[in-house]
K.L.:
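I'd like to ask some things about the structure below.
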Amino acid sequence: MNDDELLARLKAADPASDAPEPDIDRLLEATVSTDTDTRPTPGKASRRWLPAVAAGVLVLATAGLVWGIAGQDDQQPIADPPAATTSSTPSTTPGAGTTTGVLKLTIADGSTAGKCRPVEVADLRRMDTAFEGKVTAIRGELITLQVTHWYRGGGATTVEVRSDADAVITLLGVDFEVNGSYLITALDGSVSICGESAPASPELRDLYKKAFSG
Amino acid sequence: MLVREVRFEALVRVVAGPVHRYLVRRIDADAVDDVLAETMVVLWRRIDDVPGLGDGTKVDPDEVLPWCYGVARGCLANARRAEGRRLRLVEKLTHNASMKPPAADHAELHEALRTLGELDREVVLLWAWEGLAPRAIAEVTGLTPNAVSIRLHRAKKKLAALLGRKNDVAAGQELGNGGSEL
């Protein structure tokens, strides 16, 4: 069986061959109206994200690329240029990060269904780990960050974030890119995902400073 | 720049149909609408991130679709987990009551697809059903184009071997051990 024959065989079994077209007008209306009351107020805090749902699949969406991580051993580190939204390296110097070692975190099973509200200082204060770091490598399910500033729970110079399931975690809306800077918080070893962990931005950094000062 | 809503509408008019079919192929019918709606919400929120989507109303499907499929793929994974469903493709194709039962002559194909790993199967189906080239498949799945090519080649070879063998057996039975050749 050659390629053409296989392709014909597969196409003949296409379940969508006679699928009706979706009602685009209804879809448009539903999308925009659904999202109206959940969109963040312009200029307020950081962008609101869809919550991550469940450990398993980590879809990392970048400006030019979406990729699913399934723990495949032939996946290569992705090194896209940082997105425009990624801020520059923070002016703060590494604080407690003089101790060598690797802190290992996981992205928790996202039972956080529903919408995230804007991040508040009080949300961040509940976290036992907070830092700003730069992604140095993304390999399979493992994201490695070099810590540039510890806000809380510091010590390690390197943090590894790993999805904790066999398949993949879907973390829609979160752009992890090599060389990108991120503000990350975690509680009990699980990264918070409802906007508290995000690409570094002056607004979110300001919240971090307020939450973890003193 | 056109207003956000106009750009979004231009995008949706191009991608909604293909994304809908992508979902129809992979989940049961009663979940399609929800996941499609979720996918559209993500596209709406991330309209500025869609590669290849310019400021005008001209939208090139080849430019934007792989990224949109990738979003749909993520939403699909969310839905499966969130609802505790195990709607793996082949289960859906072969066992789900809400789907049309596959025609008998596709049963072997589904069985062969089931022998592939999930990612290999996705690569093959993106090639066959979505009609994507390896570079676009790479954009959907996050694999490198090279890795896609390798997986695709391997998976096609495996499928062809499995289906070819079945054909041999069937031909042999029909022909009364007539010694079929490939």
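Computed from heavy atoms alone, side chains included, the values below leave out hydrogens, waters and symmetry copies. The model shown is predicted, which means the values in this text are computed figures rather than measured ones.
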K.L.:
Any side-chain heavy-atom pair from A/Arg9 and B/Glu108 closer than 4.5 angstrom?
P.N.:
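A/Arg9 vs B/Glu108: side chains touch.
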K.L.:
State, yes or no, whether a side-chain contact exists between B/Leu113 and A/Leu10 at a heavy-atom distance under 4.5 Å.
P.N.:
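With C-beta onward as the side chain, the pair touches.
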K.L.:
Nearest 0.5 angstrom please: A/Arg26 CZ to B/Asp33 CG, how far?
P.N.:
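The distance works out to 6.5 Å.
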K.L.:
Can you name the closest pair of heavy atoms from A/Pro22 and B/Gly17 and give their distance?
P.N.:
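Nearest heavy atoms, A/Pro22 then B/Gly17: CD-CA, 3.9 Å.
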K.L.:
Rounded to the nearest 0.5 Å, what's the gap from CG on A/Asp3 to NZ on B/Lys157? Could you check?
P.N.:
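If I round to the nearest 0.5 Å, the distance is 12.0 Å.
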K.L.:
Can you name the salt bridge (charged side-chain N to carboxylate O under 4.0 Å, His left out) partners of B/Arg135, sequence neighbours left out?
P.N.:
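By the salt bridge (charged side-chain N to carboxylate O under 4.0 Å, His left out) rule, B/Arg135 matches no residue at all.
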K.L.:
Report which part of A/Ala8 has an atom under 4.5 Å of a heavy atom belonging to chain B: side chain, backbone, both, or neither.
P.N.:
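Contact with chain B involves no heavy atom of A/Ala8 at all.
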K.L.:
Work out which heavy atom in A/Lys11 is nearest to a heavy atom in B/Ala128; give both atom names and the distance.
P.N.:
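Shortest heavy-atom separation between A/Lys11 and B/Ala128 comes out as CE-O, 3.6 Å.
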K.L.:
Write down the atom of A/Ala13, the atom of B/Trp129, and the distance for their closest heavy-atom approach.
P.N.:
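Closest approach of A/Ala13 to B/Trp129: O-CZ2, 3.6 Å.
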K.L.:
How many angstroms lie between atom NE2 of B/His20 and atom CD1 of A/Ile24, to the nearest 0.5 angstrom?
P.N.:
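Rounded to the nearest 0.5 Å, the NE2-CD1 separation comes out at 10.5 Å.
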K.L.:
I want to check something: taking the side chain as every heavy atom from C-beta on, are A/Asp25 and B/Arg13 in contact at a cut-off of under 4.5 Å?
P.N.:
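Yes; the side chains approach each other to less than 4.5 Å.
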K.L.:
Look up atom CD in B/Glu5 and atom OG1 in A/Thr31, then write down how far apart they are to the nearest 0.5 Å.
P.N.:
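Answer rounded to 0.5 Å: 11.5 Å.
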K.L.:
Kindly compute the distance separating CH2 (B/Trp44) from CG (A/Leu28), expressed to the nearest 0.5 Å.
P.N.:
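Answer rounded to 0.5 Å: 9.5 Å.
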K.L.:
Who among A/Pro20, A/Ala12, A/Ala19 has the most heavy-atom pairs with chain B under 4.5 Å?
P.N.:
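Top option by heavy-atom pairs under 4.5 Å: A/Ala12.
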K.L.:
When rounded to the nearest 0.5 angstrom, what is the spacing between CG in A/Leu6 and CG in B/Leu109?
P.N.:
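Answer rounded to 0.5 Å: 7.5 Å.
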K.L.:
With the threshold set at 4.0 Å, does a side-chain nitrogen-carboxylate oxygen contact exist between A/Asp18 and B/Arg21?
P.N.:
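So A/Asp18 does not pair with B/Arg21 through a salt bridge.
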